[in-house]
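The block underneath contains the structure these notes are about, expressed in structure tokens.
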Amino acid sequence: MANRIQTLLGVDYPVVQAPMTYIARAELAAAVSDAGGLGMIETLTPEGRTDLLRVRDLTDKPVAANLMIQGWKSDPSIVDTLAAAGVRHVFTSAGHPGLFTARLHDAGMTVAHVVGSLKGALKAVDAGVDALVVEGVEGGGFKSLLGASTVVLLPLIADHVDLPIIAAGGMCDARSAAAALVLGAEGVQMGTRMLASLESAVHANFKNAIVEADDSGTVLLAVPGNPTMRVLRTGMATRDAADAGLLGEVTRLYFDGDMEASVANTGQVSSRIAELLPVADIVQRTWKEIETALAAARSRTGM
Ligand SMILES: Cc1cc2nc3c(=O)[nH]c(=O)nc-3n(C[C@H](O)[C@H](O)[C@H](O)COP(=O)(O)O)c2cc1C
């Protein structure tokens, strides 16, 4: 029997590729969706918006779009762009969920909103979203200032909200997904794990740095004017976060492999990633091996 996230998104495996500006593009999204999960395309860059259509030549499976509210709040035309591309599922983030939810619903799209606090979750419920992505501070990239971890946030929000939940921050395999299900989620979203896949377009230097990172490998930076940000502990991350160049040339890091061109968004789960894998393995093994992970947990209860 399908769970609520599988039904809502129309996917075999409720394993979602995270929105990542510049990186969440057509090839990666199509690979994730073809594997039975849900690929996602970013819409902050013109290339991302072009990919909303280009991805239709690569897969006939559902592919979601990310709408970063801060970036689009004064330009609702993004909803027309999404509708024209036939997008069915939109993941909204970084901003007030009330700004776009009704418009997206009117255009026939489902809306999942990313939250990092109970307050944010309740606001998203009021806005009428269809699902929540609950993201803990373990995750890579910009994070809620609250700094709550996935293991605390998931059951807290699940106890107060009757919407289906996708867990994000620290997800990389069946064991983390099984834990998320126990804590109240019905799906998982992965950023760092998807970066370290064969199909992700980022440079080998970045992928290898993720594989090599240990549990001291990331750091939470305070970025003036922004929420906090989890990045790899590179030389850049030890510089003053107020340094104007900190976020400046992220594409040189992502695609040319210059690891000191910018800070490198990466989650703590990098310490658990030991090899690059095909996206299909990540998506399918995560969901198919959950029963094995739960059985192993049951055997540890001693009952
Ligand atoms: C390289 C990278 C870039 C990211 N860029 C964005 C972004 O542009 N917008 C966004 O909402 N989240 C962004 N994130 C956060 C992810 O969407 C996701 O929530 C996070 O990676 C989940 O945690 P995980 O890294 O433990 O899987 C980024 C994460 C990474 C690792």
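Each ligand, and each atom within it, is numbered from 1 in the order the structure gives. Just the heavy atoms: all of them, side chains too, but no hydrogens, waters or symmetry mates, feed the values below. This chain uses plain numbering: 1 for the first residue, then up along the sequence.
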Checking contacts here: is it the side chain or the backbone of [X] that comes within 4.0 Å of ligand 1, counting heavy atoms only? Could be both or neither.
| X | result |
| --- | --- |
| M68 | side chain |
| V269 | side chain |
| Y254 | side chain |
| E135 | side chain |
| V133 | neither |

Give me the nearest non-hydrogen protein atom to [atom] as residue plus atom name, then the distance to 0.1 Å.
| atom | answer |
| --- | --- |
| atom 6 (C) of ligand 1 | P19 O, 3.3 Å |
| atom 21 (O) of ligand 1 | G191 CA, 3.4 Å |
| atom 25 (O) of ligand 1 | T192 OG1, 2.6 Å |
| atom 23 (O) of ligand 1 | G139 CA, 3.2 Å |

**Study point:** Listed partners of R88 passing salt bridge (Lys or Arg N to Asp or Glu O under 4.0 Å), at least two apart
**Key:**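 Listed in chain order: nothing, the list is empty.
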For [X], is the nearest heavy atom under 4.0 Å from an atom of ligand 1?
| X | result |
| --- | --- |
| R230 | no |
| M190 | yes |
| A94 | no |

Exercise for review: Give a yes or no on whether E47 atom CD has more than 12 heavy-atom contacts from other residues, nucleotides or ligands under 6.0 Å away.
Suggested key: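 For E47, atom CD is crowded (more than 12 foreign heavy atoms under 6.0 Å).
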Atoms in ligand 1 flagged as close to [X], the criterion being non-hydrogen separation under 4.0 Å:
| X | answer |
| --- | --- |
| L195 | 1 (C), 31 (C) |
| G169 | 22 (C), 23 (O), 26 (O) |
| A18 | 16 (C), 17 (O), 18 (C) |

Any side-chain to backbone donor/acceptor pair from [X] onto [Y]? Under 3.5 Å, distance only.
| X | Y | result |
| --- | --- | --- |
| N66 | E42 | no |
| R230 | K143 | no |
| K207 | L195 | no |

Review point. Any salt bridge between R54 and E27, counting N to O under 4.0 Å?
Key: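 Yes, charged N to carboxylate O under 4.0 Å.
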Check your understanding: Charged N to carboxylate O below 4.0 Å: is that the case for D162 and R4?
Key ->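 Salt bridge: yes.
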Review point. Are L156 and V137 linked, directly or through other ILVMFWY residues, by side chains that come within less than 4.5 angstrom of each other?
Key: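 L156 and V137: separate clusters.
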Check your understanding: Does L132 belong to the same Ile/Leu/Val/Met/Phe/Trp/Tyr cluster as L104, with side-chain heavy atoms less than 4.5 Å apart forming each link?
Key ->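 Linked within one cluster.
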Review point. Do D130 and H105 have a side chain donor and acceptor closer than 3.5 Å?
Key: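 H105 and D130 do have a side-chain donor-acceptor pair below 3.5 Å.
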Check your understanding: Do ligand 1 and E138 have nitrogen or oxygen atoms that lie under 3.5 Å from each other?
Key ->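 No.
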